[in-house]
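These notes concern the structure reproduced below.
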Protein chains: 2
Amino acid sequence: MRTSNSKNLILDTAEKLFAQKGYDGASMRAIAEKAGVAQGLIHYHCKTKEQLFEMIISRRSSEINRDRYHLLKKAFEDAKEGLPTIEDVLFTFIRPALEKGQNNWRRYYTSILGFISHSDDKRSRYLIDKYYNPIAKEYIKALKKIMPDVDGAEIYWGYFYATGVAVYSMARTGRIKELSDGKLDEENMEEKIERIVKFVAGGLRSLK
Amino acid sequence: MRTSNSKNLILDTAEKLFAQKGYDGASMRAIAEKAGVAQGLIHYHCKTKEQLFEMIISRRSSEINRDRYHLLKKAFEDAKEGLPTIEDVLFTFIRPALEKGQNNWRRYYTSILGFISHSDDKRSRYLIDKYYNPIAKEYIKALKKIMPDVDGAEIYWGYFYATGVAVYSMARTGRIKELSDGKLDEENMEEKIERIVKFVAGGLRSLK
DNA sequence: GTCTATAGTTCGATAGAC
DNA sequence: GTCTATCGAACTATAGAC
């Protein structure tokens with residue numbers, strides 16, 4: 001085949017390992033071993049560890065944010081009689097990030113996103129700025145449009161909180177099981193998306 | 001003095017560095033250098049890196065959760081005519097974690113908490129289980145009491161989201177400035193606490 | 001494209017002087 | 001309590017055979 005699938009194998013393996021151990025905790029050696037390839041091959045495909053990491057962010061965020069942009073535009077077009085609801089807009093934000101794909105890469109990727117969202121180092125800020133600030137500004141603009149009665153500054157904080165809930169609710173889902181002494185566990189992803197949207201919409205409405 | 005203050009200096013320095021670089025990204029050498037002590041001294045006081053990390057979690061969480069437990073009990077006692085409001089309970093949860101102390105260690109510590117809350121590795125799960133699950137169960141019990149009309153399972157998710165918002169809104173606050181093109185910036189901590197409580201209360205109420 | 005081998009650096013931890 | 005010195009392992013990255 002033209003494009004080697006060993007490159008995707010490396011990216012997938014690295015994504016999982018970065019999610020579990022963080023950037024510095026996942027070594028190139030460990031990634032190579034888990035992927036079943038030589039360490040040198042990673043450097044052949046991705047050059048450096050920094051670039052491998054950015055490749056992972058790049059491929060997933062471009063897919064997620066392309067869907068978000070498209071669904072957001074559609075939500076405004078479909079609501080011709082007026083404006084989309086807060087829930088309509090939030091679904092376009094949450095669903096592309098969390099919905100079930102062919103494998104559960106979103107689980108791992110969201111974990112990585114959690115790390116860099118919380119981090120204050122140069123690399124993380126660079127990646128968030130490059131891959132997430134553009135779409136963030138789109139959503140803030142959209143929220144301002146559909147919530148004209150809410151102070152502009154509050155919208156920024158509301159968006160900020162929404163991302164916190166989304167990211168947090170994907171990573172470490174095992175905690176629900178721990179806290180409920182095994183009575184609750186992972187569930188249908190659609191229910192999960194609906195609950196997040198409901199919660200965030202309620203939170204946004206309470207910001208006056 | 002009896003207790004060396006070099007130990008606290010090491011803990012403070014390590015706390016800041018772990019917050020900025022994560023567990024594996026902050027090396028013992030870097031911590032020693034920043035603290036202005038020999039690397040060997042860290043091992044003398046803390047034995048291993050793992051134990052140093054746990055000491056940081058232990059000293060902060062015990063202070064925060066002692067305050068939480070006390071304020072939560074007080075909230076129920078003071079509301080003798082009935083029950084405390086959702087906001088009353090949330091304030092006892094948020095304030096001890098975020099309110100301004102003598103230095104801004106909460107900013108750094110909350111960042112560390114963000115890392116381990118998102119992580120799925122053995123160390124993180126051990127620490128969350130040991131230092132945070134007991135107080136989490138107190139709050140879930142309290143929320144069930146004051147929201148008897150809400151399905152029990154939803155309360156777990158609501159608590160989960162609340163911690164996501166709290167943790168996320170402390171770390172990387174510089175993003176608000178980026179997203180607003182410099183128009184917004186850090187603000188009064190009391191306003192911040194009130195906004196978080198307002199948002200989370202609105203979210204919890206919308207879970208039926 | 002994929003491998004092995006290895007250079008050069010940095011890591012956590014310990015030993016031992018003071 | 002605090003330091004210096006150092007061991008052995010693990011790290012990223014590269015060189016070069018196939």
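Lettering of chains follows the sequences in order, A, B, ..., and the numbering in each one begins at 1. Predicted model, so just to flag it, every value in this text is computed and none were measured.
- Rounding to whole angstrom units, CE of residue B:M28 and C1' of D:dC7 are separated by 16 Å.
- The phosphate of C:dT10 (OP1 or OP2) has no side-chain N or O of B:S27 nearer than 4.0 angstrom.
- Taking only side-chain nitrogens and oxygens, A:S6 never comes nearer than 4.0 Å to OP1 or OP2 of C:dG1.
- Taking the six-membered ring for Trp and the full ring otherwise, B:F53 and B:F18 have centroids separated by under 6.0 Å.
- Here C:dG1 presents its C1' atom at 15 Å from CG of A:N8, a figure rounded to the nearest Å.
- Residue A:Q39 contributes atom CD, which lies 15 Å from atom P of D:dA15 at whole-angstrom precision.
- Toward the 5′ end of DNA chain D lies the nearest nucleotide of B:L41, the other residue of the pair A:G25 and B:L41 mapping further downstream.
- Within residues 43-59 of chain A, the residues approaching DNA chain D are A:H43, A:T48, A:K49, by heavy-atom distance under 4.0 Å.
- The interatomic distance linking B:I31 (CD1) with C:dC11 (P) rounds to 10 Å, in whole Å.
- Applying the side chain to side chain contact (heavy atoms under 4.5 Å, CB included) rule to A:Y44 yields the partners A:L41; only residues at least two apart in sequence or on another chain are considered.
- If you measure from atom NZ of B:K21 to atom P of C:dT10, you get 12 Å, rounded to the nearest angstrom.
- In this structure, a donor-acceptor pair under 3.5 Å is present between the side chains of A:T92 and A:Y139.
- Under the salt bridge (Lys or Arg N to Asp or Glu O under 4.0 Å) criterion, the residue pairs touching residues 44-53 of chain B are B:E50-B:R123, with sequence neighbours excluded.
- Between the P atom of C:dA15 and the CD1 atom of B:I42 lies a distance of 18 Å, rounded to the nearest Å.
- Within 6.0 Å of NZ on A:K34 lie no more than 12 heavy atoms contributed by other residues, nucleotides or ligands.
- Closest contact between the side chain of B:R29 and the listed nucleotides D:dC11, C:dG12, D:dT4 involves C:dG12.
- With hydrogens and angles ignored, the 3.5 Å screen pairs no side-chain donor or acceptor of B:H70 with any backbone N or O of B:R66.
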